[in-house]
Amino acid sequence: MSTVQQDFDRIALVSEDGGAHNDHYHNLLLRHFPAHCHNALEIGCGTGAFARRMAERSKHVLALDLSPEMIRLARERSAQFSNIEFQLADVLKLSLPAESFDCIASIATLHHLPLTEVLLKMKAALKPNGLLLILDLFEPAGLSDSLLNLAAIPVSVALRLRHHGRLLPKREERDAWAAHEVHDLYPTMRDVNALCASVLPGAQIRKHLLWRYSIVWQKPGSLP
């Protein structure tokens with residue numbers, strides 16, 4: 001069992017429903033969601049919060065996660081959505097059908113994976129004109145990122161109070177995240193921009209508060 005899987009099995013058992021920092025950006029991503037979506041894919045679905053939002057806009061959603069506990073909770077919390085298929089899977093080992101998805105999304109997952117490899121795999125699985133929606137974390141570098149991080153602190157506190165009614169997570173949740181973060185490595189924004197220039201030319205890349213960045217990319221259409 002991988003370290004990441006073990007970490008998220010533990011986090012699933014102690015975390016409150018919903019990740020305030022990631023959930024804060026759901027609407028931003030959904031503004032780009034295709035108007036007519038038949039098949040959508042989420043990589044790293046966690047407890048299914050964004051998969052459920054996608055299911056309201058898509059005929060079918062395939063939602064993948066490496067953690068059995070996350071998948072169990074996702075299924076429990078999504079029982080009313082018959083169009084979501086939750087699958088326990090390692091996306092790097094899973095064979096994704098070529099040009100099959102109108103939209104592929106991933107939230108706070110790609111920093112656990114070899115970024116070039118997984119982006120190429122997602123790109124290949126998108127239909128022509130399909131959309132790639134990514135929200136993930138970056139490593140601060142330089143004065144501007146340090147200032148952005150300072151600005152993020154009161155926003156982070158306000159979101160936690162709003163969603164969970166407390167300034168800090170419960171002790172067991174803090175301990176679980178702290179153990180996981182020992183293994184985390186994040187790209188800098190320079191890394192993200194350079195990679196997208198090579199793999200996803202024309203991608204819209206934005207840096208956000210709460211130590212996040214987003215990528216929105218539309219795959220070119222087929223030639224007539």
Side-chain angles (χ1 to χ4, degrees), residues 22-23 25-67 70-71 74-75 78 80-138 187 191-206 208 212-224:
N22 294 323
D23 292 358
Y25 289 110
H26 283 185
N27 287 337
L28 179 146
L29 295 180
L30 290 170
R31 285 203 292 269
H32 301 278
F33 201 83
H36 304 288
C37 185
H38 292 274
N39 291 310
L41 169 67
E42 185 180 10
I43 295 172
C45 65
T47 59
F50 195 68
R52 292 188 288 275
R53 301 289 302 274
M54 295 172 76
E56 295 170 348
R57 297 160 173 80
S58 181
K59 288 188 175 179
H60 179 262
V61 177
L62 174 61
L64 311 176
D65 205 280
L66 188 67
S67 162
M70 288 289 184
I71 289 291
R75 287 172 176 157
S78 310
Q80 72 273 35
F81 290 92
S82 60
N83 60 333
I84 306 179
E85 176 188 353
F86 289 107
Q87 184 174 339
L88 179 65
D90 179 344
V91 68
L92 295 178
K93 297 177 181 178
L94 187 67
S95 179
L96 295 176
E99 298 191 343
S100 295
F101 298 98
D102 301 289
C103 183
I104 300 178
S106 181
I107 296 178
T109 295
L110 297 192
H111 64 276
H112 299 125
L113 300 166
L115 199 49
T116 301
E117 181 180 350
V118 73
L119 285 178
L120 288 170
K121 191 163 191 173
M122 296 164 81
K123 180 179 178 179
L126 271 179
K127 292 179 182 179
N129 296 312
L131 277 168
L132 185 63
L133 304 176
I134 293 169
L135 181 76
D136 219 291
L137 291 86
F138 68 90
D191 297 331
V192 172
N193 280 286
L195 182 57
C196 286
S198 172
V199 177
L200 305 174
Q204 301 174 43
I205 306 161
R206 290 181 59 193
H208 304 281
R212 264 68 175 169
Y213 69 90
S214 63
I215 298 172
V216 177
W217 181 73
Q218 184 171 31
K219 187 173 184 176
S222 299
L223 294 174

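Keep in mind that what you see is a predicted model, and the values were worked out from it rather than measured.
The salt bridge (charged side-chain N to carboxylate O under 4.0 Å, His left out) check on Asp136 picks up nothing, with sequence neighbours excluded. Shown here are the salt bridge (charged side-chain N to carboxylate O under 4.0 Å, His left out) partners of Lys219, two or more places apart in sequence or in another chain: Glu99. Under the side chain to side chain donor-acceptor pair (under 3.5 Å) criterion, Glu117 pairs with no residue at all, not counting sequence neighbours.
From His111, atom NE2 reaches atom OG of Ser106 across 9.5 Å, with rounding to the nearest 0.5 Å. Of the inter-residue distances, the one linking Ile215 atom CD1 with Arg206 atom CZ reads 13.0 Å to the nearest 0.5 angstrom. In this structure, the separation between CG on Leu137 and NE2 on His112 is 8.5 Å, given to the nearest 0.5 Å. From Asp102, atom CG reaches atom NE2 of His36 across 11.0 Å, with rounding to the nearest 0.5 Å. To the nearest 0.5 Å, the span separating CD1 on Ile104 from CD1 on Ile134 amounts to 9.0 Å. To the nearest 0.5 Å, atoms CD (Glu42) and CZ (Phe101) are separated by 12.0 Å.
Between His208 and Tyr25, the ring centre distance stays below 6.0 Å.
Between Ala55 and Ile84, the closest heavy-atom pair is CB-CG1, 3.5 Å. Scanning both residues, Gly48 and Ala74, for their nearest heavy atoms gives N-CB, 3.9 Å. Listed here is the closest heavy atom pair of Ser100 and Asn39: O-CB, 3.6 Å. Minimum interatomic distance between Cys196 and Ile205 (heavy atoms only, all atoms of both residues): CB-CD1, 3.6 Å.
Counting only distance, with no hydrogens or angles, the side chain of Lys123 and the backbone of Val199 share a donor-acceptor pair below 3.5 Å. Distance alone, capped at 3.5 Å, places no donor-acceptor pair between the Ser58 side chain and the Met54 backbone.
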Can you list the steps and then say if Trp217 with Leu131 is a side-chain contact (heavy atoms from CB on, under 4.5 Å)?
CA-CA 6 Å; Trp217 181 73; Leu131 277 168; over 6 Å; no
Between Leu62 and Phe86, does a side-chain contact (heavy atoms from CB on, under 4.5 Å) hold up when you go through it step by step?
CA-CA 6 Å; Leu62 174 61; Phe86 289 107; over 6 Å; no
Would Gln204 and His32 count as a side-chain contact (heavy atoms from CB on, under 4.5 Å) if you check the C-alpha gap in whole Å, the side-chain angles of each, and the deciding distance to 0.1 Å?
CA-CA 11 Å; Gln204 301 174 43; His32 301 278; 4.1 Å; yes
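In summary, of the residues considered (Val61, Leu96, Leu126), a side chain to side chain contact (heavy atoms under 4.5 Å, CB included) with Leu41 occurs for Leu96 alone.
For the pair Leu113 and Val91, the minimum side-chain heavy-atom distance is below 4.5 Å.
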